[in-house]
Amino acid sequence: MSDHALSASPVDDLAERFWEAFLELNPMTATVYGDDRFDDRLEDPGPEGRAKARALAESTLAEALTIDPAGLSVEERITRDMLAVVCELAIEEDDQRLHQLRSVDQIGGPQTQLPQIAAFQPADTPERLERFVARLRAYPAFLAAHGDNLREGVASGLTAARIVVEKTVEQLERLMGYDDAGHPIAIAARVASDADRERVVEAVRDAVRPAEAAYLAFLRGEYLFSSRDDPGLWSAPDGTALYETQMRAWTTL
């Protein structure tokens with residue numbers, strides 16, 4: 001056991017274990033924070049990945065609630081309470097099947113994430129380049145899982161507003177309009193040489209493009225037809241409860 005583990009308070013120990021597990025489940029977030037351990041991976045938005053995230057939230061919440069706040073410092077009480085709030089919201093959002101909505105979004109949807117991560121992830125050594133290319137080649141499975149989430153939403157009636165789908169479709173159409181070398185991922189890639197950039201272009205051509213095309217075809221076909229006319233979250237099934245959860249998540253009220 002490390003000296004840190006021996007000296008850390010129960011709250012600090014729990015928070016550190018939660019953060020480590022969270023980063024492993026959210027490898028692109030880890031990359032943004034400068035942690036390169038998971039740079040060859042993408043999140044798993046499918047049933048297995050969601051089950052792991054829920055299990056982490058449930059176990060962390062249960063452990064947080066066993067810690068008596070009476071003997072904690074102010075900072076430790078805040079950390080304990082924040083862990084509980086974060087985990088409670090994660091469980092509530094999983095119960096509400098929010099993944100069926102979050103898989104389509106023109107601002108933070110899955111089609112935006114690799115172009116953004118390319119600007120954060122160094123690919124300037126052979127090892128880093130291999131991890132980045134592996135991440136690009138994982139994209140078809142990643143987008144396919146998001147497509148499955150949307151199909152669940154069509155079956156349950158929990159679909160995005162039509163304006164969101166239309167804007168996402170427009171965004172994907174613009175992406176498809178670039179040639180492989182001009183794709184935002186290829187342009188933003190932080191590589192050391194033209195030869196390395198060509199490796200990225202190959203991965204864009206072989207993995208990213210087909211995934212984007214399949215995702216786009218589904219969105220502007222079956223999914224657009226099933227989307228909601230009204231833009232407000234209130235118009236979704238159980239919209240009032242969904243809206244209340246998001247108010248708490250975004251405002252802390």
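Values reported hereafter were calculated over all heavy atoms of this structure, with side chains retained and with hydrogens, waters and symmetry mates removed. If you read the sequence from its start, that first residue is 1, and numbering goes on from there. Computed from a prediction, not measured in an experiment: that's the story for all the values here.
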S.K.: Could you walk me through whether Asp39 and Arg128 satisfy the salt bridge (Lys or Arg N to Asp or Glu O under 4.0 Å) test, starting with their C-alpha distance in whole Å, then the side-chain angles of each, then the deciding distance to 0.1 Å, before giving a yes or no?
M.R.: CA-CA 8 Å; Asp39 276 359; Arg128 287 172 169 174; over 6 Å; no
S.K.: Kindly indicate whether the side chain of Arg97, heavy atoms from C-beta on, has any atom under 4.5 Å from the side chain of Ser156.
M.R.: yes
S.K.: For Thr60 and Phe18, indicate whether the former's side chain and the latter's backbone hold a donor-acceptor pair under 3.5 Å.
M.R.: no
S.K.: What about Val191 and Val133, same hydrophobic cluster or not, with Ile/Leu/Val/Met/Phe/Trp/Tyr joined at side-chain heavy-atom distances under 4.5 Å?
M.R.: yes
S.K.: State, yes or no, whether a side-chain contact exists between Arg220 and Glu173 at a heavy-atom distance under 4.5 Å.
M.R.: yes
S.K.: For a 4.5 angstrom cut-off between non-hydrogen side-chain atoms, does Glu127 reach Arg131?
M.R.: yes
S.K.: Rounded to the nearest 0.5 Å, what separation is found between the CD atom of Gln113 and the CG atom of Leu143?
M.R.: 9.0 Å
S.K.: Which heavy atom of Ala186 sits nearest to which heavy atom of Arg197, and what is that distance?
M.R.: O-NH1, 2.6 Å
S.K.: How long is the span from the OG1 atom in Thr29 to the CZ atom in Phe22, to the nearest 0.5 Å?
M.R.: 5.0 Å
S.K.: Should the heavy atoms of other residues, nucleotides or ligands under 6.0 Å from CD1 of Ile163 be counted, would the total exceed 12?
M.R.: no
S.K.: What are the two closest heavy atoms between Ser227 and Val165, and how far apart are they?
M.R.: CB-CG2, 3.9 Å
S.K.: Indicate if Met247 and Trp234 have the same hydrophobic cluster label, given that clusters are the connected sets of ILVMFWY residues with side-chain heavy-atom separations under 4.5 angstrom.
M.R.: no
S.K.: Evaluate the side-chain contact (heavy atoms from CB on, under 4.5 Å) criterion for residues Ile185 and Leu136: first the C-alpha distance (whole Å), next the side-chain angles of each, then the deciding distance (0.1 Å), finally the verdict.
M.R.: CA-CA 9 Å; Ile185 292 172; Leu136 298 183; 3.8 Å; yes
S.K.: Could you state the interatomic distance from CD1 (Ile117) to OG1 (Thr31), rounded to the nearest 0.5 Å?
M.R.: 5.0 Å
S.K.: Any salt bridge linking Glu48 with Arg54? Criterion: basic side-chain nitrogen under 4.0 Å from a carboxylate oxygen.
M.R.: no
S.K.: Assess whether a salt bridge exists between Arg209 and Asp180, defined as any Lys/Arg side-chain N lying under 4.0 Å from an Asp/Glu carboxylate O.
M.R.: yes
S.K.: Say whether Glu212 and Gln111, considering side chains only, have a donor N or O and an acceptor N or O under 3.5 Å apart.
M.R.: no
S.K.: Would you say that Gln246 contacts Glu93 through its side chain, given a criterion of any heavy-atom pair below 4.5 Å between the two side chains?
M.R.: yes
S.K.: Report yes if some heavy atom in the side chain of Leu219 is under 4.5 Å from a heavy atom in the side chain of Leu224; otherwise report no.
M.R.: no
S.K.: Is the backbone N or O of Ser73 less than 3.5 Å from a side-chain atom of Glu76, with the two atoms forming a donor-acceptor pair by type?
M.R.: yes
S.K.: How about Asp238: does its CG atom have over 12 heavy atoms from other parts shown lying under 6.0 Å from it?
M.R.: no
S.K.: Would Arg151 count as a cation-pi partner of Phe218, with NZ or CZ less than 6.0 Å from the six-membered ring centre and within 45° of the ring normal?
M.R.: yes
S.K.: Which atom pair, heavy atoms only, marks the closest approach of Ala30 to Leu23?
M.R.: CA-CD2, 3.8 Å
S.K.: Classify the side-chain pair Asn149/Ser103 by whether it contains a donor and acceptor separated by less than 3.5 Å.
M.R.: yes
S.K.: Taking only Lys NZ, Arg NE, NH1 and NH2, and the carboxylate oxygens of Asp or Glu, determine whether Asp81 and Arg77 approach each other closer than 4.0 Å.
M.R.: no
S.K.: Evaluate the side-chain proximity of Pro45 to His99: yes if any heavy-atom separation is below 4.5 Å, no if none is.
M.R.: no
S.K.: Would you give the length of the straight line joining atom OG1 of Thr112 to atom CG of Asp105, rounded to the nearest 0.5 angstrom?
M.R.: 7.5 Å
S.K.: What is the distance from atom CZ of Arg228 to atom CG of Leu158, rounded to the nearest 0.5 Å?
M.R.: 7.0 Å
S.K.: Linking I/L/V/M/F/W/Y whenever their side-chain heavy atoms sit closer than 4.5 Å, directly or via other members, would Met28 and Leu25 fall into one cluster?
M.R.: no
S.K.: Minimum heavy-atom separation for Tyr139 to Pro110, with atom names?
M.R.: OH-O, 3.3 Å
S.K.: Flag the pair Arg37 and Glu24 as a salt bridge only when some basic side-chain nitrogen lies within less than 4.0 angstrom of an acidic carboxylate oxygen.
M.R.: no
S.K.: Please report the shortest heavy-atom distance between Pro115 and Ala188, naming the atom on each side.
M.R.: O-CB, 4.4 Å
S.K.: Does a side-chain heavy-atom distance below 4.5 Å link Gln100 with Thr159?
M.R.: no
S.K.: Would Val104 and Tyr215 count as a side-chain contact (heavy atoms from CB on, under 4.5 Å) if you check the C-alpha gap in whole Å, the side-chain angles of each, and the deciding distance to 0.1 Å?
M.R.: CA-CA 10 Å; Val104 57; Tyr215 184 62; 4.1 Å; yes
S.K.: Can you find a heavy atom in the side chain of Pro184 that is under 4.5 Å from one in the side chain of Leu175?
M.R.: yes
S.K.: Can you get from Val85 to Leu14 by hopping between Ile, Leu, Val, Met, Phe, Trp and Tyr side chains that sit under 4.5 Å apart?
M.R.: no
S.K.: Of all heavy-atom pairs between Asp230 and Ala161, which one has the smallest distance, and what is that distance?
M.R.: O-CB, 3.6 Å
S.K.: Would Tyr33 and Trp19 count as a side-chain contact (heavy atoms from CB on, under 4.5 Å) if you check the C-alpha gap in whole Å, the side-chain angles of each, and the deciding distance to 0.1 Å?
M.R.: CA-CA 12 Å; Tyr33 282 117; Trp19 185 239; 3.9 Å; yes
S.K.: For Ala64, does its backbone N or O pair with a side-chain atom of Arg80 as donor and acceptor, under 3.5 Å?
M.R.: yes
S.K.: Hey, does the side chain of Arg137 reach the backbone of Ala207 with a donor-acceptor pair shorter than 3.5 angstrom?
M.R.: no
S.K.: For the residue pair Thr245 / Glu92, report whether a side-chain donor-acceptor contact shorter than 3.5 Å exists.
M.R.: yes
S.K.: More than 12 heavy atoms of other residues, nucleotides or ligands under 6.0 Å from CG of Asp194: is that the case?
M.R.: no
S.K.: Linking I/L/V/M/F/W/Y whenever their side-chain heavy atoms sit closer than 4.5 Å, directly or via other members, would Ile91 and Val86 fall into one cluster?
M.R.: no
S.K.: Do Asp40 and Arg135 meet the salt-bridge criterion of a basic N to acidic O distance under 4.0 Å?
M.R.: no
S.K.: Set out, in order, the CA-CA distance, both residues' side-chain angles and the distance that settles side-chain contact (heavy atoms from CB on, under 4.5 Å) for Leu216 and Thr168, then state yes or no.
M.R.: CA-CA 9 Å; Leu216 173 59; Thr168 304; over 6 Å; no
S.K.: Please work out whether the ring planes of His146 and Phe142 are parallel, tilted or perpendicular, with thresholds of 30° and 60°.
M.R.: perpendicular
S.K.: Please check if the side chain of Arg190 supplies one atom and the backbone of Ala123 the other of a donor-acceptor pair under 3.5 Å.
M.R.: no
S.K.: Measure the CG-CG distance between Asp94 and Leu89 for me, rounded to the nearest 0.5 Å.
M.R.: 12.5 Å
